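Each residue takes its place number in the sequence, starting with 1. If you're wondering where the values come from, they're calculated on a predicted model, not measured in any experiment. Values reported hereafter were calculated over all heavy atoms of this structure, with side chains retained and with hydrogens, waters and symmetry mates removed.
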Amino acid sequence: MHARLGQEYPAARTELDHRDAFELLVATVLSAQTTDVRVNSLTPELFSRWPDAAALAGADEEQVAALLRPLGMGGTRAGRIIGLAQDLVRDHAGEVPDDQKALEALPGVGRKTAYVVRGAWFGHSLLAVDTHVGRLARRLDWTEAKDPVKVETAVVARVEQEAAAGGEGADGQRTDLTALHLRLILHGRRVCLARAPQCGRCVLADICPSAEVA
């Protein structure tokens, strides 16, 4: 499965534009309940005005909220990322920590966001479960769970089972869970859509128990 996805999406990467860990962290927090495209339309100005944690920590909340208003809940989002920046300055000298608990202690940062940053920026093998990953996992009959942690556990267990049986990733190495997460997201956005899955052009159709149903 992951070998096919690797061939289909060989250069999978996060679609949130960023230049460093701080920008990726903020953009990922902002992406909750909206699209990466909409976030990318606003972050160039956001990071031009407040380029690092120290700058954002001292930002005027109303100005940040006004910039973020097109995303919805501008005030709430502004409060989160300003609070996040303030905590980074206070507790981590303005740097994004490569530590799960420390990241999850920041405003607006949960397990998934921390995984995204630690996987995409710091290079860890971590399966961040979003709506796309959860949907594909259920359609592929890897799990019936909707809880993200249970989905993660089920998918990781399947990957480890395949590895123990001699399965390999597309590059001949053990599966990189971060790469798998990114490829599942791309597949969910482009082919295995929520309402109208494109099973006729899916590279997993012959092994997907939901294909004929769809």
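Under a 3.5 Å cut-off, the side chain of E23 and the backbone N or O of R19 do form a donor-acceptor pair.
Under the side-chain hydrogen bond (donor to acceptor under 3.5 Å, both in side chains) criterion, N40 pairs with no residue, sequence neighbours left out.
Between H92 and V96, every side-chain heavy-atom pair lies at or beyond the 4.5 Å cut-off. Using a 4.5 Å cut-off on side-chain heavy atoms (C-beta onward), E152 and R111 make contact. The shortest side-chain heavy-atom distance between Q198 and L193 falls under the 4.5 Å cut-off. Side-chain contact between W50 and Q63 is present, with at least one heavy-atom pair separated by less than 4.5 Å. Taking the side chain as every heavy atom from C-beta outward, Q33 and L71 never approach each other to under 4.5 Å. For the pair D98/R118, a side-chain contact is recorded, criterion being any heavy-atom separation below 4.5 Å from C-beta on. Side-chain contact between S31 and L16 is present, with heavy atoms from C-beta onward closer than 4.5 Å. Residues F22 and L88 have side chains in contact (heavy-atom distance under 4.5 Å, counting atoms from C-beta outward).
Summarising the geometry, atom CH2 belonging to W121 is positioned 12.0 Å from atom OG1 belonging to T14; distances are rounded to the nearest 0.5 Å. To the nearest 0.5 Å, atoms CG (L136) and CZ (R183) are separated by 14.5 Å. Separating the CG atom in L46 from the CG atom in L56 is a distance of 6.5 Å, to the nearest 0.5 Å. Once rounded to the nearest 0.5 Å, the distance linking CD of Q100 with CG of L103 reads 6.5 Å. The CD atom of E61 sits 4.5 Å away from the CD1 atom of I82 when rounded to the nearest 0.5 Å. Note: H18 NE2 to L25 CG = 11.0 Å, rounded to the nearest 0.5 Å.
Each of V116 and L180 belongs to its own hydrophobic cluster when Ile, Leu, Val, Met, Phe, Trp and Tyr are linked at side-chain heavy-atom distances under 4.5 angstrom. Linking ILVMFWY side-chain heavy atoms closer than 4.5 Å, directly or via other members, places L126 and L5 in two distinct hydrophobic clusters. Connection of V109 to Y115 is not established within any shared hydrophobic cluster, with ILVMFWY side chains joined at heavy-atom distances below 4.5 Å, either directly or through further cluster members.
Side-chain contact, D130 with H181: no donor N or O sits under 3.5 Å from an acceptor N or O.
Heavy-atom neighbours of R201 CZ from other residues, nucleotides or ligands within 6.0 Å: above the threshold of 12. Residue E95 qualifies as open at atom CD: its count of foreign heavy atoms under 6.0 Å is 12 or below. In this structure, E62 places its CD atom where only 12 or fewer heavy-atom neighbours from other residues, nucleotides or ligands lie under 6.0 Å away.
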Please evaluate residues E8 and R4 with respect to the criterion salt bridge (Lys or Arg N to Asp or Glu O under 4.0 Å), reporting the C-alpha separation (whole Å), side-chain torsions for both, the decisive distance (0.1 Å), and the verdict.
CA-CA 6 Å; E8 190 76 1; R4 297 188 191 187; over 6 Å; no
Any chance you could lay out the side chain to side chain contact (heavy atoms under 4.5 Å, CB included) test for H132 and C192, step after step, and finish with the verdict?
CA-CA 8 Å; H132 300 291; C192 194; over 6 Å; no
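Screening L68, V26, T34 against V39 for a side chain to side chain contact (heavy atoms under 4.5 Å, CB included) leaves a single residue, T34.
Taking a cutoff of 4.0 Å between a charged side-chain nitrogen and a carboxylate oxygen, R139 and E144 do not qualify as a salt bridge.
Under the side chain to side chain donor-acceptor pair (under 3.5 Å) criterion, the residue pairs touching residues 65-87 are D87-R90, with sequence neighbours excluded.
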